[in-house]
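Treat the numbers as computed from the prediction; the structure is a model and nothing was measured. Here is how names work: the chains are called A, B, and so on, in the same order as the sequence lines, proteins then strands, and each is numbered from 1.
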There are 2 protein chains.
Amino acid sequence: MFLSTTINGVDAKGRVSVPAGFRAVVKNDPEEKIYVWPSFEGGYLEGGGQALLDRYLALLEEMDPYDDARAAFEQTIFGDTRGLAFDGTGRVTLPKDLIELAGLDGKAAFVGLGSRFEIWNPERLAERKANARSFARDNKKSLKLPPRPGGGA
Amino acid sequence: MFLSTTINGVDAKGRVSVPAGFRAVVKNDPEEKIYVWPSFEGGYLEGGGQALLDRYLALLEEMDPYDDARAAFEQTIFGDTRGLAFDGTGRVTLPKDLIELAGLDGKAAFVGLGSRFEIWNPERLAERKANARSFARDNKKSLKLPPRPGGGA
DNA sequence: TTGTTTCCCACGAAATCCCATGTTATCCCA
DNA sequence: TGGGATAACATGGGATTTCGTGGGAAACAA
């Protein structure tokens, strides 16, 4: 699982260290890569491992072939997704257009969200975080724990 | 299950012994870790094992992908959660920001709450405990035991 | 060439591992 | 039932490894 938030530097070449914990998640994928694309909302990037893409693919194939939404998702998700390989020290090179799109200016915040992650300009992230946090506090009652899956401890 | 309250020392490196009973709970998880994040209310930490995170993840994935609440919870729960591994003697290292957030000053109280636990500055905990106690006394009528589930103990 | 991308090596800071020790709880046997 | 032996737990400090970062050389493309 992708967890926690880490801020790493983006150098002049567009290179950024992927947090070690994130690398561990995709460690055993056939292609050891992360996949990154622009978010729908704009202003930041989304990403994940092979497993996430597989799930999106399966989801799309259940949709009607002539559904407009399907085409739109296919375009957006797969059309704009880049597969990024690690260099010897665990960095990836972010394409320039993605760096601009996310407004990454020397720093990038990796935010783990379980099955996927986001990449933010740290200042933009701080704004959204403040909002999310107060929203979550005000609505936490709506987040109920489901029964335990296996019944185990 | 995480049970009872234990106070252990936090050393200069941020290391703290996880109570042996808590360690036993996550003993057979694939990743032998505990997961810790700031509480919504602030001022203390919450934590649990892999099982708890899985439950949150499953819960969130049932929500609408574009529900604001979902995004807020994802961000707040997973974005701020740290996975902490044990050293050879059963300690974890708490990140500095979490130590500050909880006001841990040399001591940390682990409070077992069944499926999860909390980590408190012992003095703050004593305050809250006093409040909780009087609240419980004033509201004890609302605490009814449910019928026994399957007839089991 | 000229610009871009990939690979490789080097360094400092920080997190992690390892060994030693005090203390408390548990066990066993007289 | 007491008392000593044994094991489990919590703690402290030093050594080692990992991680993130910077720069340059080699391969590639235009």
> Where each pair must be Watson-Crick or G-U wobble with both distances under 3.5 Å, what dot-bracket representation of DNA chain D is obtained, with crossing pairs in [ ] and other-strand partners as |?
Replying inline: ||||||||||||||||||||||||||||.|

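A heavy-atom distance below 4.0 Å to DNA chain C is reached by these residues of residues 6-14 of chain B, ordered by number: K13(B). Listed by residue number, the members of residues 100-119 of chain A with any heavy atom below 4.0 angstrom from DNA chain D form an empty set. Of the residues in residues 81-93 of chain A, T89(A), R91(A) come within less than 4.0 Å of DNA chain C through at least one heavy atom, sorted by number.
T89(B) is linked by a side chain to side chain donor-acceptor pair (under 3.5 Å) to D87(B), R91(B), counting only residues two or more places apart in sequence or in another chain. Shown here are the side chain to side chain donor-acceptor pair (under 3.5 Å) partners of D97(A), two or more places apart in sequence or in another chain: R82(A). Legend: residues meeting ring pair (Phe, Tyr, Trp, His ring centres under 6.0 Å) with F117(B), ordered by chain and number and at least two apart, are F2(B), F22(B). For D11(B), the salt bridge (charged side-chain N to carboxylate O under 4.0 Å, His left out) partners are R15(B), not counting sequence neighbours. A search for salt bridge (charged side-chain N to carboxylate O under 4.0 Å, His left out) contacts involving E41(B) returns K140(A), not counting sequence neighbours. Scored by the salt bridge (charged side-chain N to carboxylate O under 4.0 Å, His left out) test, R23(B) finds no partners at all (sequence neighbours excluded).
Enclosure of atom CG in D105(A) is not indicated, since only 12 or fewer non-hydrogen atoms of other residues, nucleotides or ligands lie within 6.0 angstrom.
Considering only side-chain atoms of A20(A), the nucleotide from dG22(D), dC9(D), dG20(D) that sits closest is dG20(D).
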Enumerate donor-acceptor pairs with a distance under 3.5 Å from any side-chain N or O in residues 24-36 of chain A to protein atoms, sequence neighbours excluded.
from	atom 1	to	atom 2	distance (Å)
D29(A)	OD2	Q50(A)	N	3.3
Y35(A)	OH	Q50(A)	OE1	3.1

Distance-only donor-acceptor pairs under 3.5 Å for side chains of residues 107-116 of chain A, two or more places apart:
from	atom 1	to	atom 2	distance (Å)
S115(A)	OG	E61(B)	OE2	3.1
R116(A)	NH1	E46(A)	OE1	3.0
R116(A)	NH2	E74(B)	OE1	2.9

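Counting any heavy atom pair closer than 4.0 Å across all strands shown, V16(B) reaches no nucleic acid atom.
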